[in-house]
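The structure under discussion appears below in the form of structure tokens.
Read the numbers this way: they start at 1 and go in the same order the structure lists the ligands and their atoms. Residues take their numbers from the sequence shown, with the count starting at 1.
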Amino acid sequence: MEKKFEELKRRLMEIDDLNSSAAVLSWDQATYMPPGGAAARGRQMATLSSLAQEKFIDLEIGKLLDDLQGYEDGLDYNSNEASLIRKARRDYEKAVKVPAAWVAKFETHAAASYQDWAAARPENDFKRLEDNLKKTLEMSVEFADFFPGYEHIADPLIDNSDEGMKASDIQRVFSELQEELVPLVQAITEQEAVDDNPVKQAYTEDDQLAFGQIVIQDFGYDFERGRQDKTYHPFMTKFSLGDVRITTRVNENDLSEALFSTLHEAGHGMYEQGINPVLEGTPLADGSSSGVHESQSRTWENVVGRSRGFWEHYYPKLQQAFPEQLAQVELEAFYRAINKVSRSLIRTDADEVTYNLHVMIRFDLELQMLEGKLNIEDLPEAWHARYESDLGLRAPSDVDGVLQDVHWYAGTIGGSFQGYTLGNILGALFYESALKANPDIPDEIRHGQFDTLHSWLKENLYMHGAKFTADELIQRVTGGPLRIEPYIAYLKGKYGEIYRL
Ligand code: ZN
């Protein structure tokens, strides 16, 4: 049996090599590749991923998994071996339902669609992307139909990033959250607006990048096993547990963009860097779900990086780095500026309180498109209409509307956005457990020390990689199911104080 297990592992590692190689190509495409490389790059990535797919759905893997059933039953559920077989089996059962030809076709389409989006977005040219999106929607529906018996057509797509969750689960959580958020946003926006001019000054790129890198090094992001580059839409990617990269973009007239995207992506990166090295090369060397992944980026970006305690330590250093801009600005004014709440048009720039409203709009639009109730031609207007009704704003153009996010232009429609809000909820939930175990964490943060928090997260979350599903992790770490209460308490506590509600 152990021989069969080793054979399964060997095959899975080979597949991981192919996928990791494709990730290098994809990282390069989004950072340094000249535009002329686009067509060939799309093809190259498609070749690698279809090879990986073919190898994975090989009957021999199915046979190994069958043969290993008894062996798995005799193992401890929490062991690396049992978890690997369990995860490989779940992935396999899903993958065999999706034809390799479909995967290759979708990869090629997504790569071309991404290039078109990057070119059409600055031109505010949604029309040019309509055909791409129609094909994306068509293929997203095709994908869902590979999994007949779903409750909602979005379920198989959601399951891809947040395994085990259904559209109806998310709708329930989102509506509970919305009930709390809408009055909170209302109460805040009735107060005098916070002045965010301190962050909206001229800040040189190099100094911004240098400051961000110091902070994430203090967090525990390991530059020996990672690096940071510039891109158009910040992301984290991993080629191995020894090479976990992050990217950012810099706005020289807004300090918050590069800084907070750096803290955010470092959170994703630290999660992957914290995975137990013995899981390297297997399907377990990954995050548990997109929601759990996002919980970590949000924790480091917001719960830590936008807290008063954090800035008590770092603000004098920031003032030193930017004396001209900040010498005259008090800590409190800066703290309020980086936590300004306002109804706005751009999701990635949104504050913690309104952010989820942006996500809910996208989630609902995805469901409507998949249900066939919203045509691609009508998407820009549907977008504007929802922003008007939910946030009271209308974007002057599609650049700040439906063209702002890369997701639908580089992936499927469905399952792309719910992870962000689940992440906010989970971040607060896990952080509550971390504080229960270590009440000194906030004090340490005030001194620029993150070891206790980082170690707790490593031990309870990061180390396990993808051994456990999100539901299992939540249960293990918090002793109960997903709850929104800690997140609501966090928002009300923090913003109630800032806005004196
Ligand atoms: Zn993220």
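At distances below 3.5 Å, not a single donor-acceptor pair connects side-chain atoms of Asp286 with backbone N or O atoms of Ala466. Checked by atom type and distance alone, the side chain of Gln273 pairs as donor or acceptor with a backbone atom of Asp222 at under 3.5 Å.
Contact annotation: His293 places no N, O or S atom under 2.8 Å from the Zn ion (ligand 1). Here Glu265 fails the criterion, with no N, O or S atom under 2.8 Å of the Zn ion (ligand 1).
The closest approach of Glu294 to the Zn ion (ligand 1), by N/O/S atoms, is made by OE1. The Zn ion (ligand 1) is closest to atom NE2 of His264 (considering only N, O or S atoms).
A salt bridge between Arg298 and Glu352 is absent, with no side-chain N of the basic residue lying under 4.0 Å from a carboxylate O of the acidic one.
Across His268, His264, Gln296, Glu265, a single residue satisfies side chain to side chain contact (heavy atoms under 4.5 Å, CB included) together with Glu301, and that is His264.
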